[in-house]
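Remarks on the structure that follows.
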Amino acid sequence: MDDKFIKELREISRDDRRRSEFMIQGLKETLEGRKAENAFKRWIRRKKEQKRITERFNQASSSDHK
């Protein structure tokens with residue numbers, strides 16, 4: 001989602017029905033963009049996400065053992 005989308009989303013009231021429709025449309029566009037990526041970019045993105053998750057859990061487990 002680009003900056004324009006985020007800015008517009010912040011301007012819409014949380015109680016407004018348009019907000020949920022706007023969010024769904026934004027997610028659909030994001031997923032379409034990800035599908036259009038080539039296989040290498042998808043692989044790189046997955047590896048980065050896995051690394052972030054692994055680091056988060058490793059930090060949480062090391063802080064428990066004080």
How far does CD of E37 sit from CH2 of W43, to the nearest 0.5 angstrom?
-> 14.0 Å

Salt bridge (charged side-chain N to carboxylate O under 4.0 Å, His left out) pairs touching residues 17-28, sequence neighbours excluded, are D16-R18, R17-E21

Rounded to the nearest 0.5 Å, how far apart are CZ of F22 and CG of L27?
-> 11.0 Å

Got R34 and R45 here, is their nearest side-chain heavy-atom distance under 4.5 Å?
-> yes

State the CD1-CE distance between I12 and M23, to the nearest 0.5 angstrom.
-> 10.0 Å

How many angstroms lie between atom CD of Q25 and atom OG1 of T30, to the nearest 0.5 angstrom?
-> 10.0 Å

Beyond-backbone contact of K47 with Q50, side-chain heavy atoms, under 4.5 angstrom | yes

Can you measure from CD1 (I44) to CG (N38) and round to the nearest 0.5 angstrom?
-> 10.0 Å

